[in-house]
Amino acid sequence: MTDSKYFTTTKKGEIFELKSELNNDKKEKKKEAVKKVIASMTVGKDVSALFPDVVNCMQTDNLELKKLVYLYLMNYAKSQPDMAIMAVNTFVKDCEDPNPLIRALAVRTMGCIRVDKITEYLCEPLRKCLKDEDPYVRKTAAVCVAKLYDISSGLVEDQGFLDQLKELLSDSNPMVVANAVAALSEINESSPTGQPLVELNASTINKLLTALNECTEWGQVFILDSLSNYNPKDDREAQSICERITPRLAHANAAVVLSAVKVLMKMMEILAADTEFCAGLSKKLAPPLVTLLSSEPEVQYVALRNINLIVQKKPDILKHEMKVFFVKYNDPIYVKLEKLDIMIRLASQANIAQVLSELKEYATEVDVDFVRKAVRAIGRCAIKVEPSAERCVSTLLDLIQTKVNYVVQEAIVVIKDIFRKYPNKYESIISTLCENLDTLDEPEARASMVWIIGEYAERIDNADELLDSFLEGFADENAQVQLQLLTAVVKLFLKRPAHTQALVQHVLSLATQDSDNPDLRDRGFIYWRLLSTDPAAAKEVVLADKPLISEETDLLEPTLLDELICHISSLASVYHKPPTAFVEGRSAGIRKTLPAAKPGVEETVREATVIPSQESLIGDLLSMDIGSTIPQVPVAQPANNVDLLGGDLDILLTGPGPDLSGGVQPSTTGLLGDIFMSTAPVKFNPPKTCWLPADKGKGLELFGTFSRRAGQMAMELTITNKAMQAMNGFAIQFNKNSFGISPAQPMNVGNVPPGQSLEYRLLLNTSGPVQRMDPLNTLQVAMKNNVDVFYYACQIPMQILFTEDGTLDKRVFLTTWRDIPSANEVQYTLNDIKGTADMISSKMTQSNIFTIAKRNVEGQDMLYQSLKLTNNIWVLLELKLTPGATTATLSLKSRSVEVAPFVFQSYDSILKA
């Protein structure tokens, strides 16, 4: 008979019967009774009244019965802590049992009983089990340390369990090593500082790699995750690690494969991208990723979400594998949509014909969401692969001829984008689009069609009639459509003023008098005043050339992408969000990020071209992309919390205005130079201040500052001996700080005679331990010499933490600004500003604050700037300058807004230097 009999409906008085059975002298009766208790507990009945009777059953040699009793204890110990103490002696005794299974079972159960009173009794048995002769007991004890740390972290550290855990990394049994790594990883994540409790070195790494080949698949995952946190000291070590991990790519378990991919992706970032080794590694990464796509749909989806990240970071890895991402008829919709996204990312001139024929086929499917995405994908292909644009437009026209409503509407939306990308090239198809005007019922499609009519009004004979037909139900239209209608009618009036005056007056009246939408009303008033006061200016603004659009508008921002690459094979890589965004109570710790990549030759050339273009003039402040933020009217004096960018960030993509023509040349690093200055501006370094006065330093006086030259941070010291004896034997040490700043070398200062001074430059790096300080830029220092040890604190100027790779492409800047919530925006007023916008831009560049773009709005210069801190925090800024004024408004956005006051302080220091 099976154990299901224990779950049958029970009768009254059962607790009493169970009690007598548990106290029966016969072992079989006792075991049957415990099984019945566990069955009742499993279905949710309260059997805590039997606690003392069940605990009495622990005194047995029967392993099955002991397991059942331990299971009962784990469940009820928290509600009966006083009774649970009764079991402690049995636990301690079982930890010394000759049978290793019983020893392991006892220590595992003690670790699962989360009762403070029992915890202190667990220490001695756990210590013995960590040194047990049987590897099964040792590996169980390793996991128990992590559980105990969760209950009482102080106890684990005081009892020296962490050191014992570190020793297990050198164990002869691979499963013990894997469990020790897993336990340390778990403890690291719940550690208040987020600092690794064991520093991985070449010796430890070698032991982990040796154990990797022999342990179970989950053990391999733990070891690979630990290896992904290690930074090799040189290229040779990185290559060695890659060679030893590569065989894991052939593993049958998808988690092992993805964990190996994560480590290799990180190592490839460390190695120079154009080396033969990296090229070979890229080829080896493709087959295992492709193999994952032959798994069940759920595993496929996880693999595809991870591949999406990999393709954004390194598209070359899968550039020849387009066919595996073609959709199968029986794929679930979530797999289909993900494959479609990756297909677009991999689309190139070499495979575009294949991709288009596939997409055209998908557009005839029955799944509406999938068809819509397929049609949009055709438009994205046209924008991404220029030579294919004509074929894409032809395909879209064929789809429009099908007269399927939702296909037609999606096609019109993407054709609007194609017109933006290739002006004056495909306008001949407008008449075909106009034939489908009556079938449009979705706001985005209607707004797109209105935009097309307004933009090309001079080519559409009956443009006024078409727009007038929309105005009949103006009040019922979506706000998006209303705004486009207003702009389209004004464009039509400026192109054909003679016949459309009544139409423009009608739409302005509807927008300003009959509408309660403030955005629509404000735009209507702006147009009205422009048209009534200066039609020429209205024409220049409303009919200005549009900025060309980019194909990759959905790319993740670089810092987020780097962080997610470090979390490949975890839930973060499926959500495409950092763990802190969806895990509550997680330790703040240190955000993972990829190391700075070593650029190959091609990448260096490519980076040099990321400069603001010298095209276009004012840009279109009023006629926007469909779906973008509604533009606001810029004002001379913004109130607090006003978005200085006015919601119209797309203007950045047009490049600087005419005031820069010929004035600013791109430098070799892709930044804005300044030829108006006869000499290159000098990089600002703060003056030295007194850090340690002689009366507190027993005659040792320290003046110091910080500097950054060619990417190298340093502490500049003036050491003065005001004592009566010579000073020597200098050494320096930094406390944990917010940015991990530590000396890059030992302090090498010779003998300092009495009355003498010495200049010394101490090189710094950011590889030290991190702990948040208050204020954030505080550095606590201990300096030792032959006299004594002296302690002092100084403030790190934030600008020395600005890295040389802090420039962003304009499109990435635009996307990132929009993605950062408005709550993370801070404003600041700069005083005593001197010099032109170009001089200021050049001055800031010297301190690694890079100008991405510049424009002029109502006589005010707007500089859009970016910087990156050594801990990979990006800061985006907008500086608003009024020529001749001595004040300026600085608007800052960052995901870590706590750095704002220190960035503002840096701006003040640099500009007043």
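Values below: all heavy atoms of this structure, side chains included; hydrogens, waters and symmetry mates excluded.
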Task: Short side-chain to backbone donor-acceptor contact, Thr766 and Phe739, under 3.5 Å - done: no
TODO: Look only at the side chain of Lys384 and the backbone of Ile344, and say whether a donor-acceptor pair between them is shorter than 3.5 Å.
DONE: yes
TODO: Answer yes when Lys313 and Asp562 have at least one side-chain N-carboxylate O distance shorter than 4.0 Å, and no when they do not.
DONE: yes
- [ ] Could you tell me the separation between the CG atom of Leu208 and the OG atom of Ser170, rounded to the nearest 0.5 Å?
- [x] 9.0 Å
Task: Trp817 versus Leu877, closest heavy-atom pair with distance - done: CZ3-N, 4.1 Å
TODO: Please test Gln771 against Ser738 for side-chain hydrogen bond (donor to acceptor under 3.5 Å, both in side chains), starting from the C-alpha separation and ending with a verdict.
DONE: CA-CA 5 Å; Gln771 179 176 302; Ser738 306; over 6 Å; no
TODO: State plainly whether the residues Lys207 and Glu167 are in salt-bridge range, i.e. N to O under 4.0 Å.
DONE: no
Open item on the list: Main chain of Val327, side chain of Tyr362: is a donor-acceptor contact present, judged purely on distance under 3.5 Å?
Closed with: yes
Task: Value rounded to 0.5 Å, distance of CH2 in Trp218 from CE in Met175 - done: 12.0 Å
Open item on the list: Using every non-hydrogen atom in the two residues, find where Ala180 and Leu169 come nearest and quote the distance to one decimal.
Closed with: CB-CD2, 4.0 Å
Task: Nearest-0.5 Å distance, CD1 of residue Ile852 to CG of residue Asp809 - done: 8.5 Å
Task: Any donor-acceptor N/O pair, Ser240 side chain to Arg236 backbone, under 3.5 Å - done: no
TODO: Check whether NZ of the Lys or CZ of the Arg Lys336 lies under 6.0 Å from the centre of the six-membered ring of Phe370 and within 45 degrees of that ring's axis.
DONE: yes
Task: Check: Asn253/Arg248 side-chain N/O donor and acceptor closer than 3.5 Å - done: no
- [ ] May I ask you to decide if Asp171's main-chain N or O and Asn173's side chain share a donor-acceptor pair within less than 3.5 Å?
- [x] no
Open item on the list: Using modelled atom types and a 3.5 Å cut-off, is there a donor and acceptor pairing between side-chain atoms of Ser896 and backbone atoms of Glu898?
Closed with: no
Open item on the list: Taking the basic N atoms (NZ, or NE/NH1/NH2) and the acidic carboxylate oxygens, is any pair closer than 4.0 Å for Lys893 and Glu878?
Closed with: no
Open item on the list: Looking only at side-chain N and O atoms, does Ser573 offer a donor or acceptor that is under 3.5 Å from a partner on Asn306?
Closed with: yes
- [ ] First locate atom NE2 of His251, then atom OG1 of Thr291, and finally report the distance between them rounded to the nearest 0.5 Å.
- [x] 14.0 Å
Open item on the list: What I want to check is whether the side chains of Glu825 and Ser891 have a donor and an acceptor closer together than 3.5 Å.
Closed with: yes
Open item on the list: So, taking the atom named CG in Asn179 and the one named CZ in Phe222, what distance separates them when rounded to the nearest 0.5 Å?
Closed with: 7.5 Å
Task: Test: Lys373 and Asp369 ion pair at under 4.0 Å - done: no
TODO: Mind running side chain to side chain contact (heavy atoms under 4.5 Å, CB included) on Ile310 and Val261 for me, showing each step along the way?
DONE: CA-CA 9 Å; Ile310 293 165; Val261 168; 3.7 Å; yes
- [ ] Evaluate whether atom OH of Tyr334 has more than 12 neighbouring non-hydrogen atoms of other residues, nucleotides or ligands under 6.0 angstrom away.
- [x] yes
TODO: To the nearest 0.5 Å, tell me how far Tyr149 OH sits from Glu186 CD.
DONE: 11.0 Å
Task: Main-chain N/O of Asp225 paired with Ser259 side-chain donor or acceptor, under 3.5 Å - done: no
- [ ] Indicate the atoms forming the closest heavy-atom contact of Val324 with Glu321, along with that distance.
- [x] CG2-O, 3.1 Å
TODO: Establish, from distance only, whether the side-chain atoms of Asn765 and Ser742 form a donor-acceptor pair under 3.5 Å.
DONE: yes
- [ ] Mind running side chain to side chain contact (heavy atoms under 4.5 Å, CB included) on Val181 and Ser226 for me, showing each step along the way?
- [x] CA-CA 7 Å; Val181 168; Ser226 190; 3.5 Å; yes
- [ ] Examine the side chains of Asn308 and Glu338 and answer whether a donor and an acceptor come within less than 3.5 Å of each other.
- [x] yes
- [ ] Give a yes or no on whether the backbone of Gly806 and the side-chain of Ser866 come within a donor-acceptor separation of less than 3.5 Å.
- [x] yes
Task: Polar side-chain atom of Gln220 near backbone of Cys215 as donor-acceptor pair, under 3.5 Å - done: yes
TODO: Measure from the side-chain N and O atoms of Lys577 to the backbone N and O of Ala572, and report whether any donor-acceptor pair falls under 3.5 Å.
DONE: no
